[in-house]
Amino acid sequence: EVQLQASGGGLVQAGGSLRLSCAASGFTFDEYAIGWFRLAPGKEREGVSCINNNDGSTYYTDSVEGRFTISSDIAKNTVYLQMNSLKPEDTAVYYCAATLYSSSYYFNLNYYYGMDYWGKGTLVTVSS
């Protein structure tokens, strides 16, 4: 059974940090790119970041570049999103998703309907 289990959301003040985790099972980890989309009220779903577990390349949307860091622990089949210097505009439900590594650019293009697997969302709330 394929599973993406997301965790790590919560409430934090502006300037604070959170780390999201996405534990994967049921598929070959290094054949997939895994990352995060977020959905905020009144906004479209946005591809935030992803890591290509085949070659280690990463992607970040402009608004989080320099503040968020994505990493992958292949031994644990887990992807992490370290979020620093959080801003109120980062408030959203964050969804972990996976697509074949050759399609990792789907995150760049917000092509969320091209994802193969989804985890449940985790809420991140940043207070001002």
Side-chain angles (χ1 to χ4, degrees):
E1 180 187 4
V2 171
Q3 279 193 330
L4 289 176
Q5 192 158 10
S7 61
L11 172 64
V12 65
Q13 288 189 330
S17 299
L18 285 173
R19 189 178 78 159
L20 304 183
S21 299
C22 179
S25 60
F27 60 90
T28 305
F29 192 73
D30 61 5
E31 291 182 356
Y32 283 79
I34 297 176
W36 302 87
F37 287 85
R38 65 184 178 186
L39 185 60
K43 296 185 179 180
E44 293 187 356
R45 196 175 311 212
E46 176 186 30
V48 176
S49 179
C50 81
I51 185 164
N52 183 326
N53 288 315
N54 185 259
D55 65 10
S57 58
T58 59
Y59 159 76
Y60 299 96
T61 193
D62 287 348
S63 62
V64 309
E65 184 80 53
R67 299 188 296 121
F68 291 10
T69 303
I70 194 166
S71 61
S72 183
D73 186 334
I74 292 179
K76 294 183 179 180
N77 279 10
T78 300
V79 170
Y80 303 98
L81 185 67
Q82 179 67 43
M83 306 186 295
N84 297 331
S85 302
L86 282 161
K87 303 176 180 180
E89 50 264 44
D90 294 317
T91 294
V93 178
Y94 284 70
Y95 295 89
C96 175
T99 186
L100 286 172
Y101 73 86
S102 56
S103 302
S104 62
Y105 63 92
Y106 287 178
F107 287 90
N108 312 33
L109 299 177
N110 288 337
Y111 193 66
Y112 60 88
Y113 40 92
M115 296 295 111
D116 294 299
Y117 308 118
W118 287 93
K120 292 183 179 179
T122 184
L123 177 62
V124 172
T125 304
V126 184
S127 62
S128 56

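Of the options Tyr60, Phe37, Tyr59, a ring-ring contact (aromatic ring centres under 6.0 Å, His included) to Phe107 is made by Phe37 and by none of the others.
No side-chain heavy atom of Glu89 sits under 4.5 Å from any side-chain heavy atom of Ser63. For the pair Gln82 and Phe68, the minimum side-chain heavy-atom distance is 4.5 Å or more. Between Val124 and Thr91, every side-chain heavy-atom pair lies at or beyond the 4.5 Å cut-off. Counting only heavy atoms from C-beta outward, the side chains of Gln5 and Lys120 never approach each other to under 4.5 Å. Looking at heavy atoms from C-beta onward, Thr78 lies out of side-chain contact with Cys22 at the 4.5 angstrom threshold. At least one side-chain heavy atom of Leu20 sits under 4.5 Å from a side-chain heavy atom of Trp36.
Here the CD atom belonging to Glu44 is positioned 7.5 Å from the OH atom belonging to Tyr112, to the nearest 0.5 angstrom. A distance of 4.0 Å separates CD1 in Ile34 from CZ in Phe27, rounded to the nearest 0.5 Å. For the atom pair CD of Glu65 and OG1 of Thr58, the computed distance is 7.5 Å after rounding to the nearest 0.5 Å. In this structure, OG1 on Thr61 lies 4.5 Å from CD on Glu46, to the nearest 0.5 angstrom. Atom-to-atom distance recorded for Thr122:OG1 and Leu18:CG is 8.5 Å, nearest 0.5 angstrom.
Using the six-membered ring where Trp is involved, Tyr32 and Tyr117 have ring planes that are tilted, between 30° and 60° apart.
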Item checked: Arg38 vs Tyr94, side-chain hydrogen bond (donor to acceptor under 3.5 Å, both in side chains): CA-CA, chis, key distance, verdict -> CA-CA 4 Å; Arg38 65 184 178 186; Tyr94 284 70; 2.8 Å; yes
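Hydrophobic cluster membership is shared by Val126 and Met83, with clusters built from Ile, Leu, Val, Met, Phe, Trp and Tyr side chains linked at under 4.5 angstrom.
A pairwise comparison of heavy atoms in Ile51 and Gly56 identifies CG1-O, 4.1 Å as the closest pair. Residues Val64 and Val48 approach most closely at CG2-O, 3.9 Å, considering heavy atoms.
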